[in-house]
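Right, one structure below, let's go through it.
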Amino acid sequence: MFSVRRRGAARLAVATVVSGLVATGAIAIAGPAMADEGQQGTGGATATLGELTVFDTVKIAGKGEVNAGLFEMQVKPGGTLQTYCIDLYTGAKNGQEYKEVGWDQSSLHNNEDAGKIRWILQNSYPQVNDLGELAKKVGAKNLTEKTAAAATQAAIWHFSDDVEAMPVDEDAQALTKYLEEKAVNLEEPKASLSLSPSSVAGKSGERLGPVTVNTNAASAAVSLTPGAPEGVKLVDKDGKVVTDVANGGQVYFDIPAGAADGSAELTVQADTTVPIGRAFVSTKVKSQTLILAGTSKSTVNAKASASWAKKGAIPALSAQTNCAKGGLDITASNEGDEDFAFELKGVKHTIAAGESKTVTVPLAEDEAYDFTITGPNGFEKTFKGVLDCKTATPGPLPSETPSTQPSPSTTAPATTTGGSTTNGGTTGGGDLAETGSSNATPMIAGIALALVALGGGAVFLLRKKKTAGQ
């Protein structure tokens, strides 16, 4: 679902741009620059956040009433997801890109009750869609899709945000109480698709890798990303060309002898169902963290890169969020015969030939980053993302509610928030999310017009006084 409060100025993302981080050593890597890794890891589902589609009213103790339920997300390039919120006080920005991640890369990384949230997802709507039977089990008279979704979200918030949340519908209250009382810790679900490692290196004439494919799909298609140098192939350990793999399959980059120093990238794609309970975090801006509740068959992707050279330093770089340390882990290895050195946020690092080192770059919560590590002859690796490892600190309800509908005429994303209302009007901090605007909007507009009129009158009087004085 959505949040009931937008973050204050102290929570705004602060862009950290470290461009042109010079890497020294004899790096002669030609060819296309490596694709952005981002902080989200090496693969899985990527989806765009849509609207809150199935919801009802939930009361947050001491705060007010909000709409609570299921968001719909569109998977790129195909598929649909349904998600609940696990970050109550952060606004959800419609139209933003989200990425599937493990719990260790989200606000669940230090939550002892994360497994109970997965149990709730497995034992309530929409995974359990026989609402008559569900109502009977929890002692309710009647449950609808809307009230069941609201009840489920309220129970999730109990464990994700440590709040007292309860639906206003009495039958839904019975479901929330049942879910909170019966929940037990389940194991974290595995990724729909991941690659390990996501970057390899070596000398021309060798097979670079292996890159291991982990997926819950029956099989996954493997291909070279367009732009790879001529003669490069994807093969198995025996040198046979690979076009598809099963879970646990290994892929190598076969670099022909005498090939010019360069780089290449492989893409793995599969059609599968993303496991219920996988976390989704925004990739570009701070937006509410979500957790998967329902899914169609979706297309998931992952990428890995390779670099090679005849001599000198031959680096391989990858990155992953480290929520436990509050930063970004950048892993650098060197398969060459000379040292590979680079500077990151004012700190110099040297990777000796044949060695590997992981550097944790400290970041503030909600901090956006954009790191580019470069070297001679076109070597370049960029890492972009937002550190999102904590649920937002509770605060007062907002005084206004931005639109929940993305606007095609503006580039700024819409933010879904909420407050407390009654049928007769506003009783607390603002309107419910679906209103699309605040009841205060006409008042604000009226005040603005009055100020303009007063300003114009003041200018007129000043001019008249000046003329009289002359």
Would a distance-only check, ignoring hydrogens and angles, find a side-chain to backbone donor-acceptor pair under 3.5 Å from Trp103 to Asn110? no
Starting from the C-alpha separation in whole Å, work towards a yes-or-no answer on side-chain hydrogen bond (donor to acceptor under 3.5 Å, both in side chains) for Asp244 and Ser219. CA-CA 7 Å; Asp244 60 88; Ser219 65; 5.2 Å; no
Does a side-chain heavy-atom distance below 4.5 Å link Asn67 with Thr57? yes
Between Asn94 and Gly50 (side chain of the first, backbone of the second, donor and acceptor by atom type, cut-off under 3.5 Å), is there such a pair? yes
Counting distance only, does the side-chain N/O of Gln173 pair as donor-acceptor with the main-chain N or O of Pro167 below 3.5 Å? yes
Is a donor on one side and an acceptor on the other found under 3.5 Å between the side chain of Thr176 and the backbone of Ala151? yes
Looking only at heavy atoms, which two atoms of Val268 and Ala220 are closest? And how far apart? CG1-CB, 3.6 Å
Whether Asp161 side chain and Thr391 backbone form a donor-acceptor pair below 3.5 Å: no
Which atom names give the shortest non-hydrogen contact between Asp171 and Lys141, and what distance separates them? OD1-N, 2.9 Å
Report yes or no: does Asn322 contribute a side-chain atom to a donor-acceptor pair with the main-chain N or O of Ala324 at less than 3.5 Å? yes
Check the pair Asn247, Asn214 against side-chain contact (heavy atoms from CB on, under 4.5 Å), reporting the backbone distance first and the verdict last. CA-CA 5 Å; Asn247 180 46; Asn214 297 295; 4.0 Å; yes
Would you say the side-chain atoms of Thr212 and Gln250 include a donor-acceptor pair closer than 3.5 Å? yes
Establish, from distance only, whether the side-chain atoms of Ser287 and Gln96 form a donor-acceptor pair under 3.5 Å. no
Just by distance, no angles: are the side chains of Ser106 and Thr289 close enough, under 3.5 Å, to form a donor-acceptor pair? no
Could you tell me the separation between the CG atom of Leu88 and the CD1 atom of Ile60, rounded to the nearest 0.5 Å? 5.0 Å
Looking at Lys297 and Thr273, what are the two nearest heavy atoms and their distance? CA-CG2, 4.0 Å
Under the side-chain contact (heavy atoms from CB on, under 4.5 Å) rule, what do Asp388 and Glu365 come out as? Steps first, then yes or no, please. CA-CA 6 Å; Asp388 186 2; Glu365 177 67 9; 3.6 Å; yes
Smallest separation among heavy atoms of Gly209 and Val200, with atom names: CA-CG1, 4.0 Å
Closest heavy-atom pair and its distance - Tyr84, Gly69: CD2-O, 3.3 Å
Worked verdict on Gln269 versus Val300 for side-chain contact (heavy atoms from CB on, under 4.5 Å): CA-CA 6 Å; Gln269 181 171 292; Val300 296; over 6 Å; no
Which is it for Phe55 and Leu70 under the side-chain contact (heavy atoms from CB on, under 4.5 Å) test, yes or no, and what are the steps along the way? CA-CA 6 Å; Phe55 58 88; Leu70 287 164; over 6 Å; no
Is a donor from one side chain sitting under 3.5 angstrom from an acceptor on the other, for Asp169 and Thr147? no
d(Glu112 CD, Asn185 CG) to nearest 0.5 Å is 8.5 Å
Could you state the interatomic distance from CG (Leu317) to OG1 (Thr331), rounded to the nearest 0.5 Å? 9.0 Å
Do the side chain of Arg207 and the main chain of Lys237 share a donor and acceptor less than 3.5 angstrom apart? yes
I'd like to check Met73 versus Tyr98 (side-chain heavy atoms, cut-off strictly below 4.5 Å). Are they in contact? yes
Side chains of Phe280 and Ile86: does their closest heavy-atom pair fall under 4.5 Å? no
Do you see a donor-acceptor pair shorter than 3.5 Å between the side chains of Ser305 and Lys381? yes
Which pair of non-hydrogen atoms, one from Gly327 and one from Leu387, has the smallest distance, and what is that distance? O-CD1, 3.9 Å
Reported CD1-to-CD distance for the pair Ile291 and Gln82, which is rounded to 0.5 angstrom: 14.0 Å
Distance-only polar pair, side chains of Ser192 and Thr272, donor-acceptor under 3.5 Å: no
Give the C-alpha distance, both sets of side-chain angles, the deciding distance and a yes or no for side-chain hydrogen bond (donor to acceptor under 3.5 Å, both in side chains) between Ser333 and Ser356. CA-CA 4 Å; Ser333 62; Ser356 179; 4.9 Å; no
Can you confirm whether Val361 sits close enough to Leu344 that some side-chain heavy atom of one is under 4.5 Å from a side-chain heavy atom of the other? yes
Check: Asp87 side chain, Leu290 main-chain N or O, donor-acceptor pair, under 3.5 Å: no
Gap separating the CG atom of Leu234 from the OH atom of Tyr252, nearest 0.5 angstrom: 13.0 Å
Flag for Thr360-Asp329: side-chain donor and acceptor within less than 3.5 Å: yes
Heavy-atom distance under 4.5 Å between the side chains of Leu81 and Ser298, does that happen here? yes
Decide yes or no on salt bridge (Lys or Arg N to Asp or Glu O under 4.0 Å) for Lys59 and Glu164, but give the supporting numbers first. CA-CA 8 Å; Lys59 184 175 182 179; Glu164 294 182 30; over 6 Å; no
Are Glu180 and Lys116 close enough for a salt bridge, meaning some N to O gap below 4.0 Å? no
Strictly distance-based, threshold 3.5 Å: is any side-chain N or O of Asp113 a donor or acceptor partner for the main-chain N or O of Phe159? no
Given the options Leu143, Leu175, Val54, Tyr125 meets side-chain contact (heavy atoms from CB on, under 4.5 Å) only with Val54
Show the numbers, then the answer: is there a salt bridge (Lys or Arg N to Asp or Glu O under 4.0 Å) between Asp366 and Lys286? CA-CA 6 Å; Asp366 298 347; Lys286 178 62 180 177; 3.2 Å; yes
Between Lys303 and Val211, is there a side-chain heavy-atom distance shorter than 4.5 Å? no
Once you round to the nearest 0.5 Å, how far does CG of Leu292 lie from CZ of Arg118? 10.5 Å
For atom CD of Glu170, decide whether the heavy atoms of other residues, nucleotides or ligands shown that lie under 6.0 angstrom number more than 12. no
Do the non-hydrogen side-chain atoms of Ile120 and Thr152 ever get within less than 4.5 Å of each other? yes
Pair Arg278 + Glu100: basic N to acidic O under 4.0 Å: yes
Show, in sequence, the C-alpha distance, side-chain angles and deciding distance for Ser307 and Ser263, and conclude whether the side-chain hydrogen bond (donor to acceptor under 3.5 Å, both in side chains) test is met. CA-CA 4 Å; Ser307 303; Ser263 60; 5.4 Å; no
Would you say the side chain of Val163 lies within less than 4.5 Å of the side chain of His158, judging by non-hydrogen atoms? no
